[in-house]
Amino acid sequence: MSRLNLRQIPRISYYEPEEPSFDEYLFCSECGDYVYDYCSIHGPLLVVPDNKVPKKTKLPSYVPRAALTIPNVFLHLAPSIIPGAGLGVFATLTLPAGVRFGPYRGEITKEIVSMYCWQIYDENNKPKHVVDAADGDRSNWMRYVNCSRNWNEQNLLAYQYKGQVYYRTIKRVPRFTELLVFYGSEFASYLNVDLRLYNSPPKIHGNISFISLHSFFYYRNPDLESPTIKSKPKVKKDNQPINKKGKHPAKIMKKKNLKEKSVNILTKKTSGASTKYIFECDGCNKKFSTKDILAKHISYCHKTQKKLDTTAVRTQVEQTPVPQLTEIFNCDICEFKTSQKRRILAHLKAHVAKQVYCCNNCDYKCITNSNLQNHMKIHTGEKPFSCNICEYKCIQKSSLQKHMKIHTGEKPFSCNICVYKCITKSDLQRHMKIHTGEKPFSCHICKYQCIQKSNLQSHMKIHTGEKPFSCNICVYKCITKSDLQRHMKIHTGEKPFSCHICKYQCIQKSNLQSHMKIHTGEKPFSCHICKYQCIRKSNLKTHMKRHTRAEPFS
Ligand SMILES: C[S@@+](CC[C@H](N)C(=O)[O-])C[C@H]1O[C@@H](n2cnc3c(N)ncnc32)[C@H](O)[C@@H]1O
């Protein structure tokens with residue numbers, strides 16, 4: 001028998017597949033346990049991918065690419081509910097628990113130099129690299145998700161999976177709710193989140209829910225676990241973990257590892273709630289715990305600006321204590337907020353007095369006599385403030401100050417999402433409703449809804465048939481003065497709005513804004529039934545009719 005015959009003997013392979021990496025496990029909140037890749041009982045997470053923004057899309061410098069990556073069927077950007085937090089991400093539709101977003105995109109770096117960093121860990125639980133989304137053109141929409149201030153409002157969980165950070169919904173998120181993720185205790189305390197209250201039982205849930213939410217929270221947010229709670233893992237209460245039975249020891253270790261990874265922290269050093277940031281950037285006032293990190297931040301974020309002096313900053317910051325954030329006083333009865341103690345006291349008194357100042361001519365009620373005096377001028381026709389350039393007159397000095405900006409061209413308020421700029425904060429707040437989709441005024445006859453009361457008043461004229469404005473050249477009649485002004489441009493041939501990329505010209509600004517989307521590739525309106533996307537809402541409406549009538553699509 002030849003030795004070569006041995007080759008024909010069937011071989012037994014002793015190769016054992018390698019233990020999956022710790023970050024290939026996921027936590028299934030239904031089972032309360034870690035699963036490999038996905039839970040075979042409760043199914044995989046619902047994956048929502050980012051919107052694709054073609055690399056060649058030319059965007060105006062004020063539109064960060066990240067903003068366009070938002071999956072806009074489900075989510076949108078709008079000012080955060082957290083005072084002073086800037087933009088945030090909101091659900092456009094109600095989302096169930098178990099929706100996965102991500103991965104978090106950004107530049108891979110070694111150091112944490114911005115407020116947009118997640119730390120990635122290796123197999124041995126050692127920091128591997130950082131994903132930094134400070135650059136809005138090299139990151140995705142996830143950079144806009146803010147930090148939850150308590151467990152009740154936390155609806156996302158950040159976790160590391162196959163070397164990347166994902167967010168997933170941990171509870172049902174009703175539409176128009178802001179998505180909030182816990183950043184980790186150090187960054188959260190830097191943002192003034194009171195960690196001692198983070199787990200406080202939400203009063204509305206009562207005691208029973210408290211127990212379950214509380215223990216659930218501790219399991220899901222080990223970053224906040226106290227040693228006492230950590231030392232009691234075997235007690236299976238509500239959602240407490242059970243993981244020992246019949247499991248490979250290595251797996252348990254890895255799961256523990258993963259558990260520690262479920263919530264990463266955005267800042268590097270964990271010295272608890274008392275962290276002091278003494279190195280302040282004089283370019284943007286951001287604070288850092290070491291001079292090196294500050295220097296890196298300056299070279300990264302302010303490289304085009306003149307060199308900022310870190311030594312001078314340090315001296316200055318060390319001499320003066322880190323400034324406290326302005327204290328905000330909230331009214332317990334309504335949503336009123338102010339930074340002035342004097343105003344909150346006046347406001348509360350007014351609640352007590354139940355708005356004693358009432359107008360004799362109309363239903364107007366107010367909380368101060370001076371407000372009533374101002375209001376009375378509406379009835380007397382008195383307009384003590386007048387513009388020295390045009391014929392504008394008004395009741396309040398502040399209205400005149402606002403009006404003067406029309407002449408100076410000053411528009412201090414600008415939208416973070418689009419090109420809109422305006423004179424007053426309230427105009428910006430009203431404008432932002434375009435992005436949030438909020439329409440507080442609705443018609444009782446048809447389904448019309450709008451952002452402004454005046455628009456509803458105009459709309460009602462559709463039902464009454466009233467068209468008080470008419471053209472003196474043709475038969476055109478309309479409901480609003482601005483409609484007539486726009487119409488008159490047909491007769492004058494005036495097309496004040498023109499595209500800076502092609503030769504397109506038009507009468508209305510809104511038409512130009514729609515047109516610009518041809519160049520940016522943006523298609524903000526999308527069908528929730530099929531993949532159709534378009535630039536104009538009217539096109540989507542036409543498209544939707546085809547679904548309802550089951551017409552063929554062209
Ligand atoms: C990752 S960014 C979040 C997006 C940010 N809101 C924006 O408009 O770009 C982190 C920054 O958002 C703000 N922020 C997030 N959560 C906050 C919170 N709970 N309280 C105050 N500021 C917060 C802080 O300025 C923080 O440095």
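Along the sequence shown, residues are numbered consecutively beginning with 1. Every number for a ligand or one of its atoms is a count from 1 in the order of the listing.
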Problem - Between Ser514 and Asn511: side-chain donor-acceptor atoms closer than 3.5 Å - result: no
Exercise for the section: Give yes or no for whether the N/O distance cutoff of 3.5 Å, strictly under, is met between Leu87 and ligand 1. Expected result: yes
Problem - Side-chain heavy-atom pair Tyr159, Arg100 within 4.5 angstrom cut-off - result: yes
Problem - Spatial distance of atom OG1 (Thr69) from atom CE (Met142) [nearest 0.5 Å] - result: 9.5 Å
Problem - Tyr144 neighbourhood, listing ligand 1 atoms whose heavy-atom distance to it stays under 4.0 Å - result: 4 (C), 9 (O)
Problem - ligand 1 to Tyr116 polar contact by distance, N or O atoms, under 3.5 Å - result: yes
Completion exercise
Of all heavy-atom pairs linking Phe101 and Leu95, the shortest is CZ-CD1, 4.0 Å
Fill in the blank from the handout: Taken to the nearest 0.5 Å, the spacing of Arg175 CZ from Leu93 CG works out to 8.0 Å
Exercise for the section: Say whether Val145 and ligand 1 are in contact under the criterion: heavy-atom distance to a ligand atom below 4.0 Å. Expected result: yes
Practice task
Taking only heavy atoms of Arg143 into account, list the atoms of ligand 1 that are under 4.0 Å away from them.
Solution key: 1 (C), 2 (S), 3 (C), 4 (C)
Practice task
Walk me through it: do Ser114 and Asp132 pass the test side-chain hydrogen bond (donor to acceptor under 3.5 Å, both in side chains)?
Solution key: CA-CA 7 Å; Ser114 84; Asp132 186 345; 2.7 Å; yes
Problem - Heteroatom distance test (Tyr104, ligand 1): nitrogen or oxygen, under 3.5 angstrom - result: no
Completion exercise
Numbered in order shown, the ligand 1 atoms found under 4.0 Å of a heavy atom of Gly86 are 8 (O)
Problem - Sub-4.0 Å atoms of ligand 1 with respect to non-hydrogen atoms of Met115 - result: 1 (C), 2 (S), 10 (C), 27 (O)
Problem - Proximal atoms of ligand 1 relative to Arg149 (non-hydrogen, under 4.0 Å) - result: 19 (N)
Exercise for the section: Taking only heavy atoms of Asn146 into account, list the atoms of ligand 1 that are under 4.0 Å away from them. Expected result: 3 (C), 4 (C), 5 (C), 6 (N), 12 (O), 13 (C), 14 (N), 15 (C), 16 (N)
Handout entry: Per-atom contacts, ligand 1 versus Ala85 - under 4.0 Å to a heavy atom
Key = 5 (C), 6 (N), 8 (O), 12 (O), 13 (C), 14 (N), 22 (N), 23 (C)
Handout entry: Selected option - heavy-atom contact closest to atom 18 (C) of ligand 1, from Ile82, Asn416, Leu180, Val89
Key = Ile82
Exercise for the section: Could you tell me whether the side chain of Val145 reaches within less than 4.5 Å of the side chain of Tyr167, counting heavy atoms only? Expected result: yes
Handout entry: Aromatic ring pairing Tyr183/Phe187, orientation class (parallel under 30°, perpendicular over 60°, tilted between)
Key = tilted
